[in-house]
Each structure stands twice: as structure tokens, then as C-alpha cells.
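Please read the structure below before turning to the comments.
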Amino acid sequence: MAKTFFAIYLGKLVSFLSQLLNLGSGETWSGEIALKIEPRLLEKLTPKISKIIIVAGTNGKTTTVKILKNFFGNKAFSNKSGANLLNGMAGSLVQNYPFRQKEIAVFEVDEAVFPKSLNYIKADVIVLLNLFRDQLDRYGEVNALSQKWQTALRSLPKETLIILNADDPQVANLGNKSKANVFYFGFNSIEKMDKEPEFWGDSIYCPNCGQKLYYKNITFSHLGNWYCKSCGLTRPSLSFDASSVETNLEGIHNQYNAAAATLVAQKLNIDQRRIDNTLNNLAPAYGRWENLNRHKMGNHLVTLVLSKNPTGLTQNLRLLSEKKDIGTLLIILNDRIPDGTDVSWIWDISFKELTMNYPIIVSGDRYLDMALRLKYEGIDLKNLFIESNLKEALKKAFKKTEENKRTYIIATYSAMLETRRLLVGRKIL
Amino acid sequence: MNYKLTIGWLYPRLMNTYGDKGNIDCLVKRCHWRGIEASIINLDLDEWQKTDEINFLFMGGAQDQQQTIVASDLENDQDEKKNILIKLINKGISGLFICGAFQFLGKYYQLPDGKRIPGLGLFDIYTESFDNSKKRLIGNIAVEVNLNGKKETVVGFENHGGRTYLNKEVKPFGKVLAGYGNNDRANEEGAIYKKAIGTYLHGPILPKNPVLADSLIKSALEFSYQKEIKLDRLDDELEKEAHNFIMHKLRITNL
């Protein structure tokens, strides 16, 4: 008991110092230290919380957690976005202890850590958003990951609420063998429909028999109303139709996120008016189509667009192609641990959505790879500018953007944090 | 004379895990920039058409499950597809086989449970894979190869759990300058049989290695047109810069 308290209060101190010294929120560090002192911290503290919700998946965790937190208001706390390993969860427990009215914990959990986390945390609700190709150097292969998820879900008690994306074949299939309360969200009808799964979609094969899947309609990547001609497996029936969701966040991907969060909220008896009101007044999560106007480098209009993997970037390029106010596009590609050290994924997507009527600047650790990618996409090299130094690249972008237009910045994770630090003064974590 | 590169792309939807499609983009563009026509024929799960028009074979990498599907498809119809490939490669067709595809060219690929998936048997090599007992070989890699009589460096990114072993007579693609290579013992990378190159290098391999890309285009055209072909030079400043960046990253200075 004493050990636990020591762990908690030392953790709180670490976090306080970290913020004082402007090193970030310190959540990961405080959690790391707390776990070193009391390795069973998660098991000891989580039972004190009434409801624990875990959100995992390749894309959309941060936004979904944010929506859920907004639904629950003061009653909920979450770990900081990106601090989604065990130490991040521990850190948020340490920060929010002794909980009091904070009876709901919403945890964003990294895909690879999710199975393990269930050994230490008894989750009341589990939300699995999707599984896409991402950071192959880190996650290995998508199939392997979904196998681990399946094993993890198998041992859950039947009271657990499991919310699954029916439109993602591998995720939907996880509900098949579970004895818990499984509910599905997906799209019953959508206006724009793709005909074939995008080229590099990972789950285009039947999770049951391995044969090619067919689709009645596709939202993007390998998501949609799928069915197998070989073994007859079909998409599970929907408990919630995402096309009924109205939210001020842009893009179909956000409708999925909002649908997942709404389904959870409905199951937990949150008032529908509160749900609707929240969904229509959401500020985007940091870096996700975040507008930074008036910042440390001037008054330029800037929009930050985090893009971490082929699916995310393709969706962002689509949304970008609809914008009429692009002054300059700055693409920053890093290859650090949070970005994935293998940048080959940029070749798995098409950049043809970019009209290229505006200057494009490339920067980041792997600026040359990005430049090369665009060269082979057929971009006019007269419109392509290369600047390895990020601050200089930002200056260049602002200089080339006309007054009433906006600078759009596509950035991988660490690049986004660095850009934010330059423009806003803080990194976030 | 109007030259044409006709790429036989093997299992594009199954064998495409690591950005290897970029190799096709690279070859096609480098042809277009020279006024050479380039077309792609998909050699997939359905019936293969027009295989006699092909002068270049390409196959990318994939996860275990996809490799198993491809292996069984190649053996359908009494090895009909398998035999087409073996015949073309023996005739000297130019080809690039990445990662899982490279493993396929060998005698077998052994899964962690000991089960062996037979390969094309063209290369006297075999691959063993392990589950979590051995670490995956992941990271940037530079290899010294011999292209058209000259020593060249090739850079890329490897990510494989399988360890490939070359039997004595087999020529490797190159010598590892930095990185792992075929396995954690020898410092060789890939393998060559006639004009078919097998390698673990993703990246994708061709964009940052324009000399290799052009060498493959040259071999492919020579296969079709049966005479020596000289390709127009292209402006490869950017490609070379990107190439040297990786060499620098791997701290390779003197060669």
C-alpha cells in the first residue's frame, strides 16, 4: 500500500517538474517511474474506477477518445494522446489519482500493446476501430497483429462491451468467437462509393478462408460492406449505422470515429441531445486538420494535417483536393521511431489527388525520398522545392503563400510535433 | 525504333506489402522519359494472358499468409504457371524478385512450425523463418553489386524474419556493406540466376538506385530485341542525392 502511494506521489512530482521545466506533460515519464516502483500499479488502481473504456486501432484513436471525453465531461479522464503504452496509462492514473468524480477512464492504447494491456486492466468497454498497414518496421505484419488481438479478446468476461468496426473484415471477425457483448458500427449507405479496395489495402482477403473478398460498397481502403463468395462469410449486421452520424469534423474517417464513440455513449446511457450537441461542436484533435492561425512565426493561415500511414494520407489527400484555398503545400516526412523508420509506405499511395497548381515544399528527415516520390508521380519539378531545415521550410512556405490563402502542412507524427513547437511553442507531450 | 518494356507483374494484389509497387512506377517513368513505351500485364490468380510478350518479370514481398496463397496458385493445373516462369527465367528474361518473392525463387520456404512451402526451385537456396524466437532483420542496408561490369552500390531497407541460405554455387546479388543481408551469418545479399535478381531490399529498391533500374530496363529490352541497347541518360541528380543520403546515414564513406 505504501509502495503504491509512493509510486503515485513520486509520479505526480515528476510530472509537475516536467511541466515546470517545460519538458512536456511528463505523463510517460511519471508513469514509467511509478511502474518501476510499483509494477502492479495498473492492477491496483484501475479497480478504483467505475468504468474503463479502451480504444485501439491504427487510425482514429485520439479523435475517438477525445469525442468520448467530451461526451462524459468532468466525469472522465484519459491518457494523453500518443502516451498510449503502458507507461502512458500508468501516468494518467497517477495524475488523476484520487479520481473522485472522475469515474470513467478512457484509454487510448497502442495496437501492439492492446493485447498485453488486458492482462493488467479489466476493461468494461473495448473499442476496436480498424487495422491498417502502419509502421511495418514496428508492428510487423497486420495479420500477426490481428491474431494477437483475437487471442486477447477470447478470454474476456461476458459482461465486457466490445465495439467493433464491422466494415473492417479483420476487426469484424474478432467478434465471431467472443463470448462478450459485441456490437458493430459501419456504413449502410454512403454517397461516394469506391468500386474496388484501394491497391494496398491489407484486409482484402477473407479472414475465415483466405479467398479474395468482394464489396457491395467501399468507404475507403479496405473498409466497406464486404462478403466472401467462397465461404459465405459476410459483414455482421450493424448495431449502429455510421451514415446517420452528424458531426462538424470532416471526412468519412471521422464519421467512423464519431459512430464508434456514439455507440459507446448510447450503451452507457448518455443523453442523445448531449451526444448530438457534442458531435456538432468538436474541436479537432491537435495536428488533425488543426488550424493554427496567428502563431509564433506570424499571422499566416496554417492547417496541420497529421498523416502517418497510407490510409490516413490518402484520406487527407482526398480532403485536400476539395480545398480551394491552398496557397502552398508543405510535406514533412520524418523517419523517427514514432513515424516509422521505413518510409516505403509513401510509394503505396497515389498523389494524383494533388492538383499541383500550387508550390509544393518537401522537408523532414527523409525530404529526398519525398521529393523522389513526387518526381515519379509526375509532378512538375519547377513547382517542387526542397528544404531540409524545417524552420526554413516553414518560412519558405509562408513566403510563397498569398495573403488570403492557406499553408497546408502534411506531416508525420514527430514532424507534426516539431512544427507545433515552432508555431505554438509547445510540443504536447 | 520504338522500344517497349512489357512488365509481367506477378500477383500485384497479394505481393505488395512494402511499397514495392514503387519499383513499377520507377521503371515505367524512366521508360516514358526516354520515349520508350511501357506496359504492365498482371499475372494474378486468374488465367495468365500474353506471357510471350513479357520482357521483364516483377514480384514484390508479402506476409506469410499471402505467400501461401501464391505458392498454391503457382502449382495449380499441374504447375502450369510455375513452368511458364521457370521457362522464361531460364531463357534469360530480366527479373526482380523482392523479399518473399526472392524466397520463392528458391527450393523451399520453411515456416516456424517446420512445414515447407515449395518454391520455384530455380535458385539453389532455401529460407527458414522463425516466430518470435529470432529477431526480425530490419533496417537500412547498403550492398556492393556488380552491374554491367562495374561496381555499384545499392541502398534500401530490409525487413524480414526469414533467413535465406545460398548453396555453394549460387552467386549472391551483392556484398553487404552495412545491414544484415540474407541471414545473420554471411554478409551476402540476395542472389542472381541468369538475369533474375532476388533481393531482400525494399525502399523501394529502384528509385534510389537508378543505375540498377536502368540495368534492368536494358536487359529487358535486349531480351526482346536481341541486340545491344544503349539507354539515353536521364537527369538523376535527385536520385543520386537520395542514394548518397542513405550511404551517409549508414556511415559508409570509403569504398
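All chains are named by letter (A, B, ...) in the order of the sequence lines, taking the proteins before the strands, and each is independently numbered beginning at 1.
- For chain A, the nearby parts of B:Leu238 are the backbone and the side chain; heavy atoms of each come within less than 4.5 Å.
- The aromatic rings of B:Tyr108 and B:Tyr126 sit parallel to each other, their planes meeting at less than 30°, with 60° as the upper class boundary.
- Proximity to chain B (any heavy atom under 4.5 Å) is shown, for A:Gln211, by neither the backbone nor the side chain.
- Residues A:Asn316 and A:Ser307 bring a donor and an acceptor atom of their side chains to less than 3.5 Å of each other.
- No other option in B:Asp20, B:Asp25, B:Leu14 has as many heavy-atom pairs under 4.5 Å with chain A as B:Leu14.
- Using a cut-off of 4.0 Å between Lys/Arg side-chain N and Asp/Glu carboxylate O, A:Lys375 and B:Glu239 are scored as salt-bridged.
- Counting only heavy atoms from C-beta outward, the side chains of B:Arg30 and A:Tyr376 approach each other to under 4.5 Å.
- Using a 4.5 Å cut-off between heavy atoms, B:Asn244 does not touch chain A at all.
- For B:Leu45, no part sits under 4.5 Å from any heavy atom of chain A, backbone or side chain.
- Geometrically, A:Lys212 engages A:Tyr214 in a cation-pi contact, judged by NZ or CZ lying under 6.0 Å from the ring centre and within 45° of the ring axis.
- Interface residue B:Lys208: backbone and side-chain heavy atoms are both found under 4.5 Å from chain A.
- Side-chain atoms of A:Glu387 come within 3.5 Å of backbone atoms of A:Asn389 as a donor-acceptor pair (strictly under, hydrogens ignored).
- Only the side chain of A:Ile386 comes within contact range of chain B, judged by heavy atoms closer than 4.5 Å.
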